[in-house]
Number of protein chains: 2
Amino acid sequence: MEHLNEKECKSAGMAVRDTLEIISGKWKLILLLTFYKKGKRRFRELVKELNISPRVLSKELQELEMNKLVTRTVRNTRPMTVEYDITPYCRTLGSVLQPMKEWGELHRQEIIGKKNSE
Amino acid sequence: MEHLNEKECKSAGMAVRDTLEIISGKWKLILLLTFYKKGKRRFRELVKELNISPRVLSKELQELEMNKLVTRTVRNTRPMTVEYDITPYCRTLGSVLQPMKEWGELHRQEIIGKKNSE
DNA sequence: CATTGCAGTATCCTTTTAGTAACTGGTTAC
DNA sequence: GTAACCAGTTACTAAAAGGATACTGCAATG
């Protein structure tokens with residue numbers, strides 16, 4: 001964020017906050033990473049694998065779906081199943097997550113790494 | 001995050017989460033942007049300008065300070081004052097905030113922009 | 001020596017977020 | 001028909017985050 005005036009700064013803040021809220025919460029990142037690693041997943045699978053309560057899972061998935069980060073697909077199987085998976089669009093989040101990962105690692109050095117040496 | 005194995009993925013997730021937690025919360029971003037825009041600020045100034053309760057402000061500033069994102073400087077003035085300001089290190093957060101801003105703006109298009117056209 | 005301004009804490013309260021557990025409604029399998 | 005899965009919801013509880021307000025301790029001012 002280079003040299004912003006008042007207005008630019010406020011709208012930049014809003015955009016950052018939007019992004020922040022979308023990936024905030026205890027489960028958002030975990031869910032996205034689960035889909036990323038293991039591919040599509042059914043509702044019950046997620047409940048069992050992650051030990052998340054169905055109530056919370058339902059809410060989180062709805063929010064992710066609203067933001068077009070995951071898709072919800074109903075399958076006509078014997079007992080009906082619903083598959084969730086990340087969207088191609090979700091991959092664009094990489095441009096945010098990658099820097100966050102790098103900064104997080106750098107920061108760990110900055111904080112812990114220098115704890116003793118100073 | 002390109003093609004991570006199980007372990008890499010988990011540690012990447014941790015780093016992302018670390019970063020996320022540091023800038024999460026109702027006031028962190030607002031505080032950093034305030035320092036960025038207006039420079040150093042005293043405790044009472046922040047309380048008044050932002051309408052934040054001293055209790056919460058105190059906590060937020062402590063957390064930011066622990067993460068070396070802001071400095072706390074005691075001044076020997078008539079009534080003693082304390083100045084807070086962002087550190088040079090804090091500027092490295094730009095590498096995270098800039099992509100977050102860009103993605104946030106893109107996302108606003110993706111979500112709102114296409115609400116009508118589809 | 002009461003009043004004001006400062007930084008911050010202590011106490012209590014409200015709101016938000018997350019979790020538990022029981023339940024609905026539908027389908028198949030016995 | 002009843003037991004067993006599925007995807008979720010409902011109603012309640014617990015924990016975390018945030019807020020309001022009064023207060024402490026210190027120094028200068030009047």
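So you know, we letter chains A, B, ... as the sequences are listed, proteins then strands, and number each from 1. These numbers come from the heavy atoms of this one structure, side chains and all, not from hydrogens, waters or symmetry mates.
Within 4.0 Å of A:Ser53, counting heavy atoms only, lies at least one base atom of the nucleic acid. Residue-level contact check: A:Arg75 touches neither bases nor backbone, having no heavy atom under 4.0 Å from any strand. Backbone-only contact: A:Lys48 has heavy atoms under 4.0 Å from sugar-phosphate atoms and none from a base.
In this entry the distance linking CD of B:Glu60 with C1' of C:dA7 reads 17 Å, nearest Å. Here the C1' atom of nucleotide C:dT17 and the NZ atom of B:Lys26 are 15 Å apart, to the nearest Å. Atom CG of A:Asn76 is separated from atom P of D:dC6 by 16 Å (rounded to the nearest Å). If you take CD of A:Glu65 and C1' of D:dG8, they are 13 Å apart, rounded to a whole angstrom. Residue A:Arg72 contributes atom CZ, which lies 8 Å from atom C1' of D:dA7 at whole-angstrom precision. Rounded to whole Å, atom P of C:dC6 lies 13 Å from atom CD of B:Glu83. At whole-Å resolution of the value, CD1 in B:Ile52 and P in C:dT9 are 13 Å apart. Atom CD in B:Glu45 sits about 15 Å away from atom P in C:dG5, given to the nearest Å.
For A:Val82, taking side-chain heavy atoms from C-beta onward, the closest of the listed nucleotides C:dC6, D:dG8, C:dG8 is D:dG8. When each of D:dG19, D:dC6, C:dA7 is scored by its nearest atom to the side-chain atoms of A:Thr81, the top-ranked nucleotide is D:dC6.
Linking ILVMFWY residues whenever their side-chain heavy atoms come closer than 4.5 Å, directly or via other members, places B:Val96 and B:Leu106 in the same cluster.
B:Arg42 contributes no side-chain N or O that forms a donor-acceptor pair with the base of C:dG5 under 3.5 Å. A donor-acceptor contact under 3.5 angstrom links the side-chain atoms of A:Arg44 to the base of D:dG8. Judged by atom type and distance alone, B:Arg55 does not reach the base of C:dA10 through any side-chain donor-acceptor pair under 3.5 Å.
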Table of protein N/O atoms under 3.5 Å from nucleotides 24-30 of chain C N/O atoms:
residue : atom : partner : partner atom : Å
C:dT27  : O3'  : A:Arg78 : O            : 3.4

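None of B:Thr71, B:Asp85, B:Thr87, B:Ile30 except one satisfies the side-chain contact (heavy atoms from CB on, under 4.5 Å) rule with B:Phe35; the exception is B:Asp85. Just one residue in the list A:Ile86, A:Ile22, A:Leu61 forms a side-chain contact (heavy atoms from CB on, under 4.5 Å) with A:Leu69, and that residue is A:Ile22.
Remark: B:Glu63 engages B:Lys28 in a salt bridge, criterion side-chain N to carboxylate O under 4.0 Å. B:Asp18 has a carboxylate O that lies under 4.0 Å from a charged side-chain N of A:Arg108, or vice versa, which qualifies the two as a salt bridge. Between A:Glu49 and A:Lys38 there is a salt bridge, since a side-chain N of the basic residue sits under 4.0 Å from a carboxylate O of the acidic one. Salt bridge absent: B:Glu83 and B:Arg41 never bring a charged side-chain N and a carboxylate O closer than 4.0 Å.
Note: A:Trp103 and B:Tyr89 have parallel aromatic rings, judged against thresholds of 30 and 60 degrees for the angle between ring planes.
In this model, the phosphate group of D:dG19 is approached by a side-chain N or O of B:Trp27 to a distance below 4.0 Å at OP1 or OP2. Between C:dA7 and B:Gln62, no contact under 4.0 Å exists linking OP1 or OP2 to a side-chain N or O.
In the helix from C:dC1-D:dG30 to C:dC30-D:dG1, the terminal helix axes, each the rotation mapping four pairs' C1' atoms onto the next four within five end pairs, subtend 30°, rounded to 10°.
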- Message: What verdict does the side chain to side chain donor-acceptor pair (under 3.5 Å) test give for A:Glu105 and A:Gln109, after you've listed the backbone C-alpha separation in whole Å, the side-chain angles of each residue and the deciding distance to 0.1 Å?
- Response: CA-CA 7 Å; A:Glu105 284 162 354; A:Gln109 290 314 306; over 6 Å; no
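Along DNA chain D, the nucleotide closest to A:Ser58 and the one closest to B:Lys59 are compared, and the more 5′ of them pairs with A:Ser58.
Between A:His107 and B:Asn67 there is a side-chain heavy-atom pair separated by less than 4.5 Å.
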